[in-house]
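Below you'll find the structure, written out as structure tokens, and then a few comments.
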There are 2 protein chains.
Amino acid sequence: MATSKVGSIGEYIREQRQRAKVSLRQLADATGVSNPYLSQIERGLRKPSAEILQQIAKGLRISAEALYVQAGILDERESDTDVQAAIRADVGLSERQKQVLLDIYESFRNETGSAAAPDAEAVIRTTPPTEGTST
Amino acid sequence: MATSKVGSIGEYIREQRQRAKVSLRQLADATGVSNPYLSQIERGLRKPSAEILQQIAKGLRISAEALYVQAGILDERESDTDVQAAIRADVGLSERQKQVLLDIYESFRNETGSAAAPDAEAVIRTTPPTEGTST
DNA sequence: TCGCCCTGCTTGCTATTGCAAGCACGCTTG
DNA sequence: CAAGCGTGCTTGCAATAGCAAGCAGGGCGA
């Protein structure tokens with residue numbers, strides 16, 4: 001838990017709860033998570049599972065993803081471009097295909113544009129075992 | 001991939017692992033998760049935490065989010081975004097890069113899943129399993 | 001044949017998660 | 001004053017996660 005964005009999930013939950021002006025017991029009732037456990041989580045004594053975080057998010061009416069990001073189990077997606085989001089969301093691609101496309105896309109973006117076009121082509125020529133070749 | 005099938009994270013992990021042609025021990029080495037525990041997870045005997053899923057995703061070179069979705073701790077993102085449109089609209093890519101990505105994307109879609117295995121294999125072979133594997 | 005290496009699985013254990021029962025304190029009301 | 005209710009926290013326990021040590025089986029080479 002070292003980066004600027006991923007911090008104490010407990011502090012974050014307490015902050016959100018206090019914003020909502022909800023007591024621990026009210027949140028416990030709303031979430032189905034026990035009041036003492038919520039207290040322990042907020043004070044950093046316990047580390048809740050993703051399922052518990054999901055319940056807490058629902059009780060606080062915030063997104064579970066926000067809690068996952070704070071807990072360090074999910075990366076932030078704000079930096080996604082449309083292409084990355086589209087690739088991830090495309091149900092017609094296998095997970096591995098998605099990863100391949102994302103890797104290529106990112107290497108293209110790192111080359112920053114049109115001047116790198118020949119190199120990009122060269123990179124692709126090392127990649128296409130996909131095209132017709134079989135082992 | 002099945003869009004609405006949330007469940008049996010173990011079967012999903014085994015499927016991805018077998019696609020990658022990786023043994024449990026190799027995956028254990030790649031992930032830092034113990035070989036017996038991976039076996040138990042695959043057979044549905046244990047329910048792994050998000051941290052373990054994260055490690056497994058990394059070892060299999062797939063996104064953690066995909067595993068979270070399968071495990072039911074993350075909702076699928078909206079799948080309406082068009083990959084091709086996004087690629088074309090991305091101002092950070094040259095026209096040539098766009099064409100290359102589109103070509104690869106289309107070949108992936110034409111392969112529709114099972115034929116993606118050879119390419120998947122190639123990707124995994126870039127991640128060499130360590131020799132002398134032993135738990 | 002045996003030895004070695006690979007494979008996936010069994011078992012017993014420790015550490016951790018999440019909870020129920022209850023405590024301590026502050027505030028309000030009769 | 002006592003009783004009641006709200007608040008957050010303490011404590012001990014059961015269930016589960018995750019692991020190390022090891023088993024069992026298959027394949028291969030000397």
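Remark: the A:Arg25 side chain and the D:dG6 base include no donor-acceptor N/O pair separated by less than 3.5 Å.
Atom P of nucleotide D:dA17 and atom CD of B:Gln55 are separated by 16 Å, given to the nearest angstrom. Put simply, CG on A:Leu24 is 6 Å from P on D:dC9, counting in whole angstrom units. Following rounding to the nearest Å, A:Asn35 (CG) and C:dC19 (C1') show an atom-to-atom distance of 11 Å. The distance between atom CD of B:Glu51 and atom P of C:dT16, rounded to the nearest whole Å, is 13 Å. At whole-Å resolution of the value, CD1 in B:Ile56 and C1' in D:dA17 are 12 Å apart. The interatomic distance linking B:Leu45 (CG) with C:dG8 (C1') rounds to 12 Å, in whole Å. Rounded to an integer number of Å, the gap from B:Asp29 CG to D:dC19 P is 12 Å. In this structure, CG of A:Leu27 is placed 13 Å from C1' of D:dG8, rounded to the nearest angstrom.
B:Arg14 contributes no side-chain N or O that, together with a main-chain N or O of B:Gly10, makes up a donor-acceptor pair within less than 3.5 Å.
By the neighbour-count criterion of 12 heavy atoms within 6.0 Å, atom CD of A:Glu11 is sparsely surrounded, having that number or fewer from other residues, nucleotides or ligands.
Looking at the side chain of B:Pro48, the nearest of the listed nucleotides D:dG18, C:dG8, C:dT10 is D:dG18. Checked against D:dC19, C:dA21, C:dC9, the side chain of B:Gln40 finds its nearest nucleotide in D:dC19. Closest to the side chain of A:Ser49, from the set C:dG8, D:dC9, C:dG18, is C:dG18.
Nucleic acid contact class of B:Ile52 (heavy atoms, under 4.0 Å, all strands): sugar-phosphate only. Residue contacts for A:Ser34: at a heavy-atom cut-off of 4.0 Å it reaches a base atom on one of the strands shown.
B:Ser23 has a side-chain polar atom (N or O) that falls below the 4.0 Å cut-off from OP1 or OP2 of C:dT7. One finds no side-chain N or O of A:Ser39 lying less than 4.0 angstrom from the OP1 or OP2 phosphate oxygen of D:dG8.
Across all non-hydrogen atoms, the minimal contact from B:Gln70 to B:Ile9 is CB-CD1, 3.5 Å. Nearest heavy-atom pair across A:Gln99 and B:Ile62 is OE1-C, 4.2 Å. What you find for B:Leu24 and B:Ser39 is that their closest heavy atoms are CD1-CB, 3.8 Å.
Between B:Arg46 and B:Glu42, the residue anchored closer to the 5' end of DNA chain C is B:Glu42, taking for each the nucleotide with the nearest heavy atom.
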